[in-house]
Amino acid sequence: MELEKAYDPKAAEHSHYERWESSGFFRPEINQDQGAPKYSIVIPPPNVTGSLHMGHALQHMIMDVLTRWKRMQGYRTLWLPGTDHAGISVQRKVVEQLKKDEHKKPTDIGREEFVRRAWAWKEQYGNTITEQMRREGASVDWSRHRFTMDEDLSKAVRSVFVTLYNEGWIYKGLRIVNWCPKDRTVLSDLEVKEETKKDGKLTYLKYPVIDTDRTITVATTRPETMLGDTAVAVNPKDPRYTDLIGKTIALPLTDREIPIIADEYVDAEFGTGAVKITPAHDPNDYQVGLRHDLPQLLVMNDDGTMNAAAGAEFVGIDRFKARDMVVQRFDELGLLEKVDDYEITLPVCERCKTIVEPILSDQWFVKMDEMRDMALGLMRAEGVPHFSPQVPNEKVYTAWLENLKDWTISRQLWWGHQIPAWYDADGNVFVAHTEKEAKEKAGGKELTQDQDVLDTWFSSGLWAFSTFGWTGEDSETDDLNKFLPTDVLVTGRDIIFLWVSRMMMLTKKFVDKKAFEDVIVTGTVLGKDGKPMSKSRNNGVDPIEMFDKFGVDATRIYLASIATGADIKWNDLLIETYRNFANKIWNATRFCLLNSEGARVDHASLMDRAGLPLADKWIISRLNQKAIDVNKSLAKYEFHAAVSLLYHFFWDDFCDWYIELKKDEINAGDVEATTRILTILEIALRMLHPFMPYLTEELWLKLPGTSAEMLAPAYKSADATIMLTAFPPGDATAIDAAAESEMQSVIDLIKKVRNIRAEMNIKSGDRVAVHVAASADMRANFTANEAQIKKLARADSIVLGDSLDVPKASAKAVLSGGAEIAVPLEGLIDFGKERERLQNQIDKLDTELQRLKGQLSNANFVERAPVEKVQELKDRKEEIEQQVKTLRMNLDALN
RNA sequence: GGGCACGUACGUCAAUUGGUAGACAGCCUCCCUUACAAGGAGGAAGUUAGGGGUUCGAGUCCCUUCGUGCCCA
């Protein structure tokens, strides 16, 4: 069989995925071994509105590598896919579509119709990301795909809500919340981001104190909220104001009179030391208000305009316009003291960037006290979840839990899980699984359901168990018993709080299991400018474009080559490296196939190693050592270490040395030699498979001798595929230190000769004679491998002896183990150049020697360092001294 | 304001419990040698941001300065 000269990723990516999927290879049921241990991962469900970005590609690659690796190890694996209904995002899409196509507002068509259209939107556009995941090669079980608003998952949501309500962990109440006036909904603290504004203003307003000729000045960044002031507070210890405490202010622009109160909360150092108190529009003021029993005066509508309570003059005016008006009116009244420039940090809506308004509002909350203790308990008692990398994630997680506040779960949206609470005409609340149940509780009264929906994270917080069939009614399902706890969760830093912590808590609470043992926290993929990718910066890199340009496999293994958790600045040049690597693998296979007549992959060919040539013993030893190391690295989630091992094994050991050493035998049609190289290649492909699924499958199927019979025992009945072969565990008994050291010595010799050739400008076509002075053992080794040495060093003769007998016109070098080589260069040698070359080598060795001598002459070192370490240095020193001595003699001989 | 990371070759990144710094790409020289020029052979290149400390020994641990980034208030 002959392959194309260069690897074309698109051809390989074309058909394998469909075959894998339709053959059921991704399903745990493919595993026929009843006693197989399970391995499960649930995907962090991407938003249905989303399309694939590099962050997904990175996380999916990790999950897929782990899943494929464990599947090959014989585990019953399940990687469960799904999508999230993404409340605000979908709602916004539908609102936009409605406006664009029909110039209508949601209220024009009503809730029912709106929700119908949201579903339609989801059906039409919501599978973009799942299609893209197929391209990635993600080995997820599509038959178990879940959506957070599926019927069963919605049942789970209602069950959880009802239970938490009945236990008093969910409550409704008036609180200061983050209000987005554009989306007209409340946001949780985590959906609010900070933005620094350099051009902010700090406005100083003077309030007249009744029955005096004095005014009191307050500083504020939000002057319009003064319309809702119900007090002015000062620090009780502040001598400037003690005589004013208890007096009353005539609040300008209103007809209200408000008290001056004393409260420790006021920082006498900041501003004027007097603070306006607006309990309905500021969380701190709200607390002060509660302490002093102040009225809570709401002066804003839900769209950010002022309401009637703000006074007739301001009704319907936007909050920022009202701000300017208030300042202007104070100025006219002579009550504006000054306006300072002031850098301020503003809360903004994470999604639409609108400035968030703290506002007093009636909302649903989850009390977090017990749940927090549960999560902290798990961490303290069992160290669960175990974070990779542990630093700093574990600390960030626990610190956040320790300071956890109650969670606002209601959202003023139509798209999502409507809150299962019903009200009668008197406002009594009935929380139930269904309207029917609520009516029964209410004694048959007419009820209306709460208009709000739940925070999207409420349903995704149940993801670890709701996806396995838990509805609250069926609390024991096969999948739940089989696959929970999941083994690892792979996610970004940004949702440790939003999702990881809540899933941990809710899973513990409702099924009394750990949601997952481990958490891998991935880094951020940054744009070429080193900044996070974003539309506004226009520095995004589209994974699909990278797949098209370099191939899926190259993209995957490049992403895997970055240390877990580290941020990565995108760099096309490096992905190109792995595109080249894929081509290298392709061509190495091509070579093996070119001369494979009569040979086939046969694992028995590697079993009886005693009689094999050195190169074979060596590569088998290296292969098994690498397999052991790769497994270890993957177990520690050190994907970059595994990639580095595989890259260098394949390119350096297998291609540069093994193939080159065996080339003559293989070209000559040596069936045994070809069988071995095919077998070693086959094992290497298996190790590469989790990282490069398409390429390895494409090549594996082409190797002679591969068939369904080679699959791992658990998958015996499946069709032929590399993805169900056994992942090489590595055989410690195949590690052959003697062979490795002998081979190393051959490699050293060849490299030294090559070095002489290059530095002395010997034409590549010219053959040389190589003289070697070495011990009897080394000579025997070189004799045994004479043909290979001649070929790779481009020598026409090798002269072995216990000392060198060569003309002066020779280039010389030393080998480790006390050996010495010379290449006679009659007529070709440039003595000046040779002197320079020898001196150069002496200098290098001398630098190391000086350091070694320094260390060994330090009595403290010799005394305190481990003996092996000291011996190691002593041996090294002796070796170098010998080499330097030889090189000096050679140099002197030239002078 | 509080907390946490990070700073290594021109660039992007590695370096197990402290053991004396590596890879890739780039650069220089040579080679289209029948698997691969997306390749092969050889080579040059770092006071590990600066300073101090602990230690026989520090990129790694501690302190400090500078710079960058993130999280929380």
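Chain naming here is simple, since letters A, B, ... match the order of the sequence lines and numbering starts at 1 in each.
Within 4.0 Å of A/Ala566, counting heavy atoms only, lie sugar-phosphate atoms of the nucleic acid but no base atom. Here A/Tyr7 lies in heavy-atom contact (under 4.0 Å) with a base. A/Leu873 comes within 4.0 angstrom of no nucleic acid atom, judged by non-hydrogen atoms across all strands. A/Thr577 comes within 4.0 angstrom of the backbone, heavy atoms only, and of no base. Within the nucleic acid shown, A/Leu574 comes within 4.0 Å of at least one base atom, counting heavy atoms only. At the heavy-atom level, A/Lys844 lies under 4.0 Å from the strands shown only through sugar-phosphate atoms. Counting any heavy atom pair closer than 4.0 Å across all strands shown, A/Asn571 reaches sugar-phosphate atoms only and no base atom. Using a 4.0 Å heavy-atom distance criterion, A/Lys584 is classed as a base contact.
For the pair A/Leu792 CG and B/G42 C1', the computed distance is 15 Å after rounding to whole Å. Taking atom OH of residue A/Tyr397 and atom P of nucleotide B/C4, one finds them 20 Å apart after rounding to whole Å.
Looking at A/Arg754, its side chain has no donor and acceptor atom pair within 3.5 Å of the base of B/A41. The base of B/A35 sits with one of its N or O atoms less than 3.5 Å from a complementary donor or acceptor on the side chain of A/Glu660. With hydrogens and angles ignored, no donor-acceptor pair under 3.5 angstrom links the side chain of A/Lys5 to the base of B/A35. Not a single donor-acceptor pair, N or O on each side, falls under 3.5 Å between the base of B/C4 and the side chain of A/Lys395.
Residue A/Trp651 places at least one side-chain N or O closer than 4.0 Å to OP1 or OP2 of B/G40. OP1 or OP2 of B/A35 sits under 4.0 Å from a side-chain N or O of A/Lys663. Phosphate contact (OP1/OP2 of B/A23, side-chain N/O of A/His640, threshold under 4.0 Å): absent. Contact annotation: A/Lys869 side-chain N/O to B/G19 OP1/OP2 distance is not under 4.0 Å.
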Give the C-alpha distance, both sets of side-chain angles, the deciding distance and a yes or no for side chain to side chain donor-acceptor pair (under 3.5 Å) between A/Asn571 and A/Tyr558. CA-CA 10 Å; A/Asn571 187 338; A/Tyr558 165 53; over 6 Å; no
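When Watson-Crick and G-U wobble pairs are counted only if both distances are under 3.5 Å, B/C6 pairs with B/G67. When both pairing distances are held under 3.5 Å, B/C27 makes a Watson-Crick or G-U pair with B/G43. Using the Watson-Crick or G-U wobble rule with both distances under 3.5 Å, B/U20 pairs with nothing in any strand shown. Shown here, B/A73 forms no base pair; nothing in the strands shown gives a Watson-Crick or G-U wobble contact with both key distances under 3.5 Å.
Annotation: A/Tyr578 is in aromatic contact with A/Tyr647 [ring centroid separation under 6.0 Å].
Remark: A/Lys10 fails to qualify as a cation-pi partner of A/Tyr694 under the 6.0 Å distance and 45° angle criteria applied to the six-membered ring.
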